[in-house]
Amino acid sequence: MRFNLQQLEPEAWKGMYNLEKYLAATGLSASHKHLLKMRASQLNGCAYCINMHSKEARKDGETEQRLYLLSAWRETSLFTPEEKALLALCEEVTLISQSGVSDATYQQAVTIFGEQYVAQALMAIVLINGWNRIAVTTELAVEA
């Protein structure tokens, strides 16, 4: 069994939750937040977060079909051009060590949403990547 970060470093955990509070107060739509959380968690192989965020997304009206097809979002018309722009940004930020964030992806997102919305989306992507790394490293158990 690995350590429980929340118990071992409660101030660090509180800092992560303060970022969650910030994101809850932004203009990011619930649907966009769910898609970003799900896609980053898929890329990071975080079963705990995929399980949690798929339940939250369904509760907020996301369809099973879109959740099943999220890992192949480029191959389907079920995602809007706006969602695809955010998903491209999410993938490039999550996999940043591979080739960074391209100018094309960045510019497309900013053109569609504006800088402030993209800044908020970036913070959502950064935060879920942090949560993924905590959950995978500490082996948080998936709950049914």
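Numbers here simply count residues along the sequence, with the first being 1.
The distance from atom CG of Asn132 to atom CD of Gln42, rounded to the nearest 0.5 Å, is 10.5 Å. Atom-to-atom distance recorded for Leu86:CG and Lys84:NZ is 13.0 Å, nearest 0.5 angstrom. Within the model, atoms CG of Asn129 and CG of Leu95 stand 8.5 Å from one another, a figure rounded to the nearest 0.5 Å.
Considering only heavy atoms from C-beta on, Val118 stays 4.5 Å or farther from Glu115 through its side chain. In this structure the side chain of Val101 reaches within 4.5 angstrom of the side chain of Leu89, judged on heavy atoms. At a threshold of 4.5 Å between non-hydrogen side-chain atoms, the residues Ser29 and His32 count as touching. The shortest side-chain heavy-atom distance between Thr138 and Asn4 does not fall under the 4.5 Å cut-off. Looking at heavy atoms from C-beta onward, Ile128 lies in side-chain contact with Ser41 at the 4.5 angstrom threshold. Looking at heavy atoms from C-beta onward, Glu62 lies out of side-chain contact with His34 at the 4.5 angstrom threshold.
Neither Leu140 nor Leu8 shares a network with the other; the hydrophobic side chains, linked directly or stepwise wherever heavy atoms of I, L, V, M, F, W or Y lie under 4.5 Å apart, form separate groups for each. Under the 4.5 Å side-chain heavy-atom criterion for Ile, Leu, Val, Met, Phe, Trp and Tyr, Val142 and Leu5 are members of distinct hydrophobic clusters. Cluster annotation: Leu43 is not connected to Ile134 through the hydrophobic network of ILVMFWY side chains, with a link wherever side-chain heavy atoms come within less than 4.5 Å. Hydrophobic clustering, with ILVMFWY side chains joined whenever heavy atoms are under 4.5 angstrom apart, keeps Trp13 apart from Val136. Connection of Tyr17 to Met52 is not established within any shared hydrophobic cluster, with ILVMFWY side chains joined at heavy-atom distances below 4.5 Å, either directly or through further cluster members.
Nearest heavy atom pair, residue Ala124 against residue Leu28, reads CB-CD1, 3.9 Å. Heavy-atom minimum distance, Lys55 versus Ala144: NZ-O, 3.1 Å. Heavy atoms only, all atoms of each residue included: Pro81 and Ile112 are closest at O-CD1, 4.1 Å. Of all heavy-atom pairs spanning Ala24 and Lys33, the tightest one is CA-NZ, 3.8 Å. The shortest heavy-atom contact between Ala85 and Ala109 is CB-CA, 4.5 Å. Of all heavy-atom pairs between Ala40 and Thr94, the closest is CB-OG1, 3.7 Å.
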**OP:** Kindly indicate, with the supporting measurements, whether the criterion salt bridge (Lys or Arg N to Asp or Glu O under 4.0 Å) is fulfilled by Glu83 and Arg39.
**Re:** CA-CA 11 Å; Glu83 291 168 334; Arg39 187 64 188 127; over 6 Å; no
**OP:** Kindly indicate, with the supporting measurements, whether the criterion side chain to side chain donor-acceptor pair (under 3.5 Å) is fulfilled by Ser102 and Glu92.
**Re:** CA-CA 8 Å; Ser102 71; Glu92 290 185 21; 3.2 Å; yes
**OP:** Test Leu127 against Tyr22 for side chain to side chain contact (heavy atoms under 4.5 Å, CB included), laying out the working first.
**Re:** CA-CA 11 Å; Leu127 183 57; Tyr22 151 78; over 6 Å; no
Original post:
Would Gln120 and Gln116 count as a side chain to side chain contact (heavy atoms under 4.5 Å, CB included) if you check the C-alpha gap in whole Å, the side-chain angles of each, and the deciding distance to 0.1 Å?
Top reply: CA-CA 6 Å; Gln120 293 169 357; Gln116 185 171 16; 3.6 Å; yes
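Tyr117 and Phe113 have parallel rings, their planes meeting at less than 30° on a 0 to 90° scale where 60° marks the start of perpendicular.
Ionic pairing of Arg74 and Glu91 is present here: one or more N-O contacts between side-chain nitrogen and carboxylate oxygen are shorter than 4.0 angstrom.
Counting only N and O atoms by type, the side chains of Glu20 and Trp131 include a donor and acceptor under 3.5 Å apart.
Put simply, the side chain of Arg2 gets close to the backbone of Thr137: a donor and an acceptor are under 3.5 Å apart.
Applying the 6.0 Å contact sphere to CG of Asn18 captures more than 12 heavy atoms from other residues, nucleotides or ligands.
Between His53 and Tyr48, a ring centre-to-centre spacing not shorter than 6.0 Å is recorded.
Chaining together hydrophobic side chains whose heavy atoms lie under 4.5 Å apart places Trp73 alongside Leu35, Met38, Ile50, Leu67, Leu69, Leu70, Leu78, Phe79, Leu87.
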